[in-house]
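Accompanying notes for the structure given below.
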Amino acid sequence: QVQLVESGGGSVQAGGSLTLSCEASGYQYNYCMGWFTEAPGKEREGIAHIYPDGSTSYAESVKGRFTLSKDNAKSTLLLQMNNLKPEDTAMYYCAADIESDYSGSWCRVPPGVSGYWGDGTQVTVSS
């Protein structure tokens, strides 16, 4: 059974930093892992993805500010977020093998492949 457990969310002032972690268990790294954001009244959007070869892709809104990495030994996905802005305020979800194509960040998953979500962690950035 695959489980994705996020941690590291919280409240920070604009310009500050946070690091989100996603601990994965039972997951065989297939196509991609990534982070999605969901702000009130908006759709859930994939902002950063990492692939089995270690390469990454980022949405334009976070490129240059967010860095995604994976600690294979600990099966942990890390999202380092710097220079946070109020518009980054959202629920952040860890995901594995979820089809996505948003603003330069993407994941391609063949039909029939199961994807997985964590329960999310809230990030609030005040001005």
Report yes or no: does [X] contribute a side-chain atom to a donor-acceptor pair with the main-chain N or O of [Y] at less than 3.5 Å?
X	Y	result
Thr121	Gly9	yes
Gln80	Thr19	no
Asn30	Gln28	yes
Asp97	Cys32	yes
Ser103	Glu60	yes

Leu68-Leu18 co-clustered via ILVMFWY side chain contacts under 4.5 Å = yes
Using side-chain heavy atoms (C-beta onward) and a distance below 4.5 Å, is [X] in contact with [Y]?
X	Y	value
Trp117	Cys94	no
Tyr58	Thr56	yes
Leu78	Ser69	yes
Val12	Met81	no
Ser57	Tyr51	yes
Val123	Leu20	yes
Leu84	Phe66	yes
Gln122	Thr89	yes

When rounded to the nearest 0.5 angstrom, what distance separates [atom1] in [X] from [atom2] in [Y]?
X	Y	atom1	atom2	value
Ser61	Tyr102	OG	OH	5.0 Å
Met33	Tyr116	CE	OH	11.5 Å
Arg65	Ile47	CZ	CD1	8.5 Å
Thr76	Asp71	OG1	CG	5.5 Å
Met91	Thr124	CE	OG1	9.0 Å
Leu4	Leu77	CG	CG	9.0 Å

key: Pair Arg108-Tyr31, side chain to side chain contact (heavy atoms under 4.5 Å, CB included): steps then yes or no   = CA-CA 7 Å; Arg108 299 283 181 263; Tyr31 299 97; over 6 Å; no
Minimum heavy-atom separation for [X] and [Y], please, with both atom names.
X	Y	answer
Pro86	Ser126	CG-C, 4.5 Å
Ser105	Gly46	CB-O, 3.6 Å
Ala48	Leu79	CB-CD1, 4.3 Å
Trp35	Cys22	CZ2-CB, 3.6 Å

query = When you look at CG of Asp119, are more than 12 heavy atoms from neighbouring residues, nucleotides or ligands closer to it than 6.0 Å?
reply = no
ask   = Who are the salt bridge (Lys or Arg N to Asp or Glu O under 4.0 Å) partners of Lys85, not counting sequence neighbours?
value = none
Qualifying salt bridge (Lys or Arg N to Asp or Glu O under 4.0 Å) pairs, either residue in residues 12-40, two or more places apart = Glu38-Arg44
ask   = Parallel, tilted or perpendicular for Phe36 and His49, by the 30°/60° rule?
value = perpendicular
task = Could you give me the CA-CA distance, side-chain angles and deciding distance for Val113 and Glu99, then say whether side chain to side chain contact (heavy atoms under 4.5 Å, CB included) is met?
result = CA-CA 10 Å; Val113 173; Glu99 178 85 13; over 6 Å; no
